[in-house]
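Right, one structure below, let's go through it.
Just so it is clear, the model here is predicted, and its values are computed rather than measured.
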Amino acid sequence: MDGYDCEMKWIESYIKIKRYGKEIRKRGSSRKTKAERKAEIKEIKGNSGFSALEKMIQVAILGNNGAGDKENGKRTIKTPKARNLKMKEIEVFSDLMDMNFKVGDKYVTLTYGKEEVSLDEAGRDFENWIKRMRDRYSDFKYLGVRSFQKRGTIHFHVLMDIPDIPAEELRNGIFQNIWGHGIVNVKMIHSQQIVDRYAKLKKYLIKNLSEFKADERSFGKRLYLQSNNLIKPKIIRGNYFEIMEYLGDIEGGLKKVDGRRFSVEFLNYIEVQTFKIMEPKEEIDLATMF
C-alpha cells in the first residue's frame, strides 16, 4: 500500500478514527520543496478566510511534510524560535492521557514559595520529588506539564496513578513536605477525558503546553515530563472504508460519541470520530486487521 487516508487508534473501550480527504503518501514518497512549503505557509497565514485553528492545522501539516530537510547532503541546523503547538504534539499528549490515566487517579499541582526559579533548577527539584514519592508510595506513572507564573517562577501540573493517599498524611503535611518547596495541591480525576472537546482538564493542560512552548525560556527543553512506563496506543493506517467495515463486525457494536471535521486546503479535510465499544465480549486483535 503506497498511502493511506485513515488512522485508527484503540484506547481502552474507545476507538478513534481520523480520516483525511486525500490519500497521504508514506515516507519515501516525493515531498514538496522547502521553497514551495514556505510560499504555501505564507499564503495560509495571510488568508483571512481561515480560522486560527484551521491555519494552525494546515501549517502543521506542511511542516511535517518537510521533516528531515537536508541541504547539500547535510541536515540543516535550525535556530530555536517561539512556535505554536503542533497538531501532532497535541495528539500525542492527548493519547498519553487517555491511555494511562483514569477516573480516580490524581492531579497534583506543585508550586514554589520563592521567586525566580530556573527551568534547570526546577527540573532537578522535580526529579528528586519523583524519587522521594516512589520511595514512599512505590512505582507509578506520571505525565507533567510546566507553566510560568506572572511573578516569573514556575509550577508543575502532574497526572499520577498513585494509590489513595492516607488522609492523615494530607492533614499533617507529610505529603506536602515530600515536595518541600511550596504549596502542593492534590485532586482526584473525576471524569473520563476521552472526548477531547468535553475534557476540561485535558484542554487546560494543553493550554499550558502551548504557553510553555511559546515562551523563549523553554527553548531546548522537553515539552512535557513523563515516566518511562507510559503506554502508547497502537495505530492502524489504511483505507477508511476497509477499516470501517472491520469495525462494523466488532461484537457488541459501536456507539459514536463525537465527530468533527476541519477544512484543510491540501487534504480537503480532516475528520475525527470517536466511538465507544458497547459491551465487548472479546478482545480486539489489531494485528490481524491488515
Residues that Arg124 engages under side chain to side chain donor-acceptor pair (under 3.5 Å), provided they are two or more places apart
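Counting only residues at least two positions away or on another chain, Arg124 forms no side chain to side chain donor-acceptor pair (under 3.5 Å).
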Between Arg261 and Tyr269, is NZ or CZ placed under 6.0 angstrom from the six-membered ring centre and within 45° of the ring axis?
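Geometry flag: set, cation within 6.0 Å and 45°.
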Is the Lys NZ or Arg CZ of Arg19 less than 6.0 Å from the centre of Phe241's six-membered ring, within 45° of the axis?
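Here Arg19 passes the 6.0 Å and 45° test against Phe241.
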Regarding Glu127 and Lys131, does a basic nitrogen lie under 4.0 Å from an acidic carboxylate oxygen?
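No.
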Check against side chain to side chain contact (heavy atoms under 4.5 Å, CB included), Asp258 and Ile194:
CA-CA 10 Å; Asp258 191 42; Ile194 295 289; over 6 Å; no
According to side chain to side chain contact (heavy atoms under 4.5 Å, CB included), who are the partners of [X], at least two apart in sequence or on a separate chain?
{"X": "Met99", "result": "Ile11, Ile231, Pro233"}
{"X": "Ile90", "result": "Met56, Leu85, Ile206"}
{"X": "Asn208", "result": "Val145, Ser147, His157, Tyr204"}

Step through the shown structure and confirm whether more than 12 heavy atoms of other residues, nucleotides or ligands are within 6.0 Å of CD on Glu245.
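Open.
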Can you confirm whether the side chains of [X] and [Y] place a donor and an acceptor under 3.5 Å from each other?
{"X": "Asn100", "Y": "Lys141", "result": "yes"}
{"X": "Tyr112", "Y": "Asp125", "result": "yes"}
{"X": "Thr274", "Y": "Lys256", "result": "no"}

How far apart are the C-alpha atoms of Glu7 and Lys16, what are their side-chain angles, what is the distance that settles it, and do they pass the salt bridge (charged side-chain N to carboxylate O under 4.0 Å, His left out) test?
CA-CA 8 Å; Glu7 293 183 354; Lys16 284 193 172 185; over 6 Å; no
hydrophobic_cluster_shared for Leu170 and Met133, side chain cutoff 4.5 Å:
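Yes, same cluster.
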Please collect all side-chain hydrogen bond (donor to acceptor under 3.5 Å, both in side chains) contacts where either partner lies in residues 219-228, sequence neighbours excluded, each pair once.
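Every pair satisfying side-chain hydrogen bond (donor to acceptor under 3.5 Å, both in side chains) with a residue in residues 219-228: Asp120-Lys221, Ser227-Asn229.
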Could you point out which residue of Phe101, Tyr107, Phe126, Trp129 forms a ring-ring contact (aromatic ring centres under 6.0 Å, His included) with Tyr142?
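Result: among Phe101, Tyr107, Phe126, Trp129, Phe126 is the only option passing the ring-ring contact (aromatic ring centres under 6.0 Å, His included) with Tyr142.
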Name all pairs fulfilling the salt bridge (Lys or Arg N to Asp or Glu O under 4.0 Å) condition that reach into residues 176-190, sequence neighbours left out, sorted by first residue then second.
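Qualifying pairs: none.
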